[in-house]
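The structure presented is a predicted model; accordingly, all values stated were derived computationally and were not measured.
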Amino acid sequence: MARRVLLALLLAVLSLLRPAPAAAQTAEAWQAPTLSITRYDEDWSDLADAAKRAHHWTGPFKYIPLGDDTWLSTGIEVRLRNENNRNALWGGAAAPDDSFLWVRALPYADLHAGPVRLFAQPIVAYAAGVAPAPGPVDRTGIDLLQGFAEVDAGPVTLRAGRQMLSLGTERLVGTRYGPNVPLAFDGVRAIVTHGQAQLSLLAVKPVLSRPGNFDDRTSPAKALWGAYATVPGVDLYYLGYYNRDARFGAAQGRERRHTIGARLHGARADWHWNVEGVYQFGDFAGQPIAAWTLGSEVGRAVPLGRLSPDVTVRFNVVSGDRNPRDNHLGTFNALFPKGKYFGELSPVGPTNIVSLNPRISTPLGKGWSASIAAMAYWRYTAGDGVYDIPGNLIRAPGTSHARFIGKEAEATLAWQTTAELELSASLSVFSPGTFIRQTGPAHRITMIGFESNFRF
């Protein structure tokens, strides 16, 4: 059965490798217009023209000619983020009231020499005030975040080394950009391009962040492999995942999980949409896996003069395990999702959950922008508990049959002071629902965040 499913998926992936008409191309609002989070996706080759390099002070850093067909691009990100939490995990955290500062610097150098490319990005990441102690997403000292070699062989690009990955909207494989230490992978990747179609083949292992200098290591327990195909408006993918030390509830053992998914996205007139369906199968500790998720996002830009707000509604359903004693696992595994999944404050993750999230964002003029959002969360099944973003169980189901986890409100304000510097602030409040009140500490969570981010 599994082989037939994988064969059918491979044939579908190959069928996508055909050129699409230019009119089918769409841009997504969450993508940066010039700079990217991964940085290696940026193309500065147009600045080979010295007159264009002179248009902005960053030009001489983005394109440094070194000889015939050889040039270097450089840049940096320096981010300071302060978070002030009260009643983290509804008062059940080891340090429920916490105020800390994240500091990180991400310089990079990107060398192009004909068809060969070398990319290096060190990281300097420290944290002050994290209680009871900084974790792997808080600090890593000085280390190598990304470092790979790449060969461009026409329609095929081969890449080997350490790299961040961003697939689709990062529901399953993301950069973990929001926390202080992003996520990287060690391994190989082949990218096949034909017209506007692209197929990415990968075999990687996640990098484990450690607090000392130059001590990050490849995970000995987890592995990821698969194929991700895109044409304008459609993504189709297969991802394989292995974890020799997985844990779900009270059970622990080897997990081998296969994920197949499809994503439809686009924009027309004032409307934009993003719908993604995912099914998972495999085995965990001798139990067969059958899990799934369906995520949807529909939005519209409302023309109201200078403000022009964008109104978006997101609705997600993610499976959980109905009965922990039936020798079948229905708990969805989000693998390596983006950080701050539902918003600035995301105490719950995309597992065993039903979520509704309306959001309004609008430019205010002169570099200012604002957004307000509301979230409501329910358990998909009463037989399973509540998980955080990495997939750890943070509230067991106990004897409660209640499904309502809680509701949240969030407001953000940002100011793009220059092309390189953004300042932002956020306020988030999470009020616990019946399930949280019936199973443990149930205080209201509040978080205030301030951030300064300089990037070029």
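Exactly one residue among Asp46, Thr58, Leu47 makes a side-chain contact (heavy atoms from CB on, under 4.5 Å) with Arg53. That residue is Leu47. Each of Asn333, Val173, Thr259 was compared with Tyr241 under the side-chain contact (heavy atoms from CB on, under 4.5 Å) criterion, and only Asn333 meets it.
Of the inter-residue distances, the one linking Leu307 atom CG with Ile360 atom CD1 reads 11.5 Å to the nearest 0.5 angstrom. In this structure, OG1 on Thr74 lies 6.0 Å from NZ on Lys62, to the nearest 0.5 angstrom. For the atom pair CD of Gln198 and OG1 of Thr230, the computed distance is 5.0 Å after rounding to the nearest 0.5 Å. How far CG of Leu172 is from NZ of Lys338: 10.5 Å, rounded to the nearest 0.5 Å.
Put simply, the side chain of Glu42 gets close to the backbone of Ser36: a donor and an acceptor are under 3.5 Å apart. Proximity of a side-chain donor or acceptor of Asn213 to a complementary backbone N or O of Ile142 within less than 3.5 Å is detected. Side chain of Ser319 to backbone of Trp292: a donor-acceptor contact under 3.5 angstrom is found. Between the Arg176 side chain and the Ala184 main chain, no donor and acceptor come within less than 3.5 Å of each other. With Ser452 contributing its side chain and Leu423 its backbone, the two residues share no donor-acceptor pair below 3.5 Å. Checking side-chain atoms of Ser166 against main-chain N and O of Thr175 turns up no donor-acceptor pair under 3.5 Å. Side-chain N or O atoms of Asn180 include one that pairs as donor or acceptor with a backbone N or O of Tyr126 at under 3.5 Å. Under a 3.5 Å cut-off, the side chain of Asn82 and the backbone N or O of Phe450 do not form any donor-acceptor pair. Within the 3.5 Å criterion, the main-chain N or O of Gly299 finds no donor-acceptor partner in the side chain of Thr312. A donor-acceptor contact shorter than 3.5 Å is absent between the side chain of Tyr242 and the backbone of Arg254.
Between Leu413 and Leu364, the closest side-chain pair of non-hydrogen atoms falls below 4.5 Å. Within the 4.5 Å cutoff, the side chain of Asp143 has no heavy atoms near those of the Val207 side chain. Using a 4.5 Å heavy-atom threshold, the side chains of Leu165 and Phe336 count as separate. Residues Ser369 and Ser361 fail the side-chain proximity criterion, which asks for heavy atoms closer than 4.5 Å. Put simply, the side chain of Thr351 does not reach to within 4.5 Å of the side chain of Tyr380, judged on heavy atoms. Using a 4.5 Å heavy-atom cutoff, the side chains of His56 and Glu420 are in contact. Residues Trp71 and Leu66 fail the side-chain proximity criterion, which asks for heavy atoms closer than 4.5 Å. In this structure the side chain of Pro220 reaches within 4.5 angstrom of the side chain of Leu208, judged on heavy atoms.
Annotation: Phe430 is in aromatic contact with Tyr377 [ring centroid separation under 6.0 Å]. Aromatic ring centres of Trp44 and Tyr63: separated by at least 6.0 Å.
Classification of the Tyr228-Tyr237 ring pair by plane angle, with boundaries at 30° and 60°, yields parallel. Relative orientation of the Trp102 and Phe100 rings is tilted, given thresholds of 30° and 60° on the angle between their planes. Aromatic ring pairs are classed by plane angle as parallel below 30°, tilted from 30° to 60° and perpendicular above 60°; the pair Trp415 and Trp368 is parallel. Classification of the Phe248-Phe284 ring pair by plane angle, with boundaries at 30° and 60°, yields perpendicular. Under the 30°/60° scheme for interplanar angles, the aromatic rings of His258 and Trp225 are found to stand perpendicular. Using cut-offs of 30° and 60° on the angle between ring planes, the pair Phe119 and Phe148 is parallel.
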Assess whether salt bridge (Lys or Arg N to Asp or Glu O under 4.0 Å) is satisfied between Arg189 and Glu150, documenting all intermediate values. CA-CA 9 Å; Arg189 186 178 184 185; Glu150 180 181 289; over 6 Å; no
Residues Lys340, Glu83; criterion salt bridge (Lys or Arg N to Asp or Glu O under 4.0 Å); working and verdict: CA-CA 13 Å; Lys340 296 185 176 293; Glu83 291 191 2; 2.7 Å; yes
Report the C-alpha separation of Glu297 and Arg359 in whole Å, then their side-chain angles, then the decisive distance to 0.1 Å, and conclude whether the salt bridge (Lys or Arg N to Asp or Glu O under 4.0 Å) test is met. CA-CA 11 Å; Glu297 173 186 308; Arg359 181 180 300 266; over 6 Å; no
Show the numbers, then the answer: is there a salt bridge (Lys or Arg N to Asp or Glu O under 4.0 Å) between Asp186 and Arg162? CA-CA 4 Å; Asp186 285 336; Arg162 180 166 296 183; 2.8 Å; yes
Give the C-alpha distance, both sets of side-chain angles, the deciding distance and a yes or no for side-chain contact (heavy atoms from CB on, under 4.5 Å) between Thr157 and Arg117. CA-CA 10 Å; Thr157 299; Arg117 178 188 190 189; over 6 Å; no
Take Asn352 and Asp321 through the test side-chain contact (heavy atoms from CB on, under 4.5 Å) and record every step on the way to the result. CA-CA 8 Å; Asn352 187 40; Asp321 196 32; over 6 Å; no
Go through it in stages, so that I can follow the logic: the residues are Val298 and Val313, the test is side-chain contact (heavy atoms from CB on, under 4.5 Å), and I'd like the CA-CA distance, side-chain angles, deciding distance and then a yes or no. CA-CA 6 Å; Val298 178; Val313 177; 5.7 Å; no
side-chain contact (heavy atoms from CB on, under 4.5 Å), that's the test. Do Asp110 and His112 meet it? Break it down for me. CA-CA 7 Å; Asp110 188 6; His112 296 255; 3.1 Å; yes
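The two residues Arg104 and Val181 come nearest to each other via the heavy atoms NH1-N, 4.4 Å. The shortest non-hydrogen separation linking Leu294 to Gly277 is CD1-CA, 4.1 Å. Closest of all the heavy-atom pairs between Tyr177 and Ile37 is CD1-CG2, 3.3 Å. What you find for Met164 and Pro182 is that their closest heavy atoms are SD-CB, 3.5 Å. In plain terms, the two heavy atoms of His272 and Asp310 that are nearest each other are NE2-OD2, 2.9 Å. For Gly129 against Asp98, the heavy-atom pair with the smallest separation is O-OD1, 3.0 Å.
Judged purely by distance below 3.5 Å, without hydrogens or angles, the side chains of Asn357 and Ser355 never pair a donor atom with an acceptor atom. Under 3.5 Å, the side chains of Arg171 and Asn316 contain a donor-acceptor pair of N or O atoms. Remark: the Ser371 side chain and the Thr412 side chain contain an N/O donor-acceptor pair separated by less than 3.5 Å.
Pairs passing the salt bridge (Lys or Arg N to Asp or Glu O under 4.0 Å) check and including a residue from residues 207-226, sequence neighbours excluded, do not occur.
For the pair Arg314 and Tyr341, the cation-pi test (distance below 6.0 Å, angle within 45°) is failed.
For Phe61, the CZ atom is loosely surrounded, since the number of other residues' heavy atoms within 6.0 Å does not exceed 12. The local environment of CG in Asn392 is crowded, with over 12 non-hydrogen atoms from other residues, nucleotides or ligands closer than 6.0 Å.
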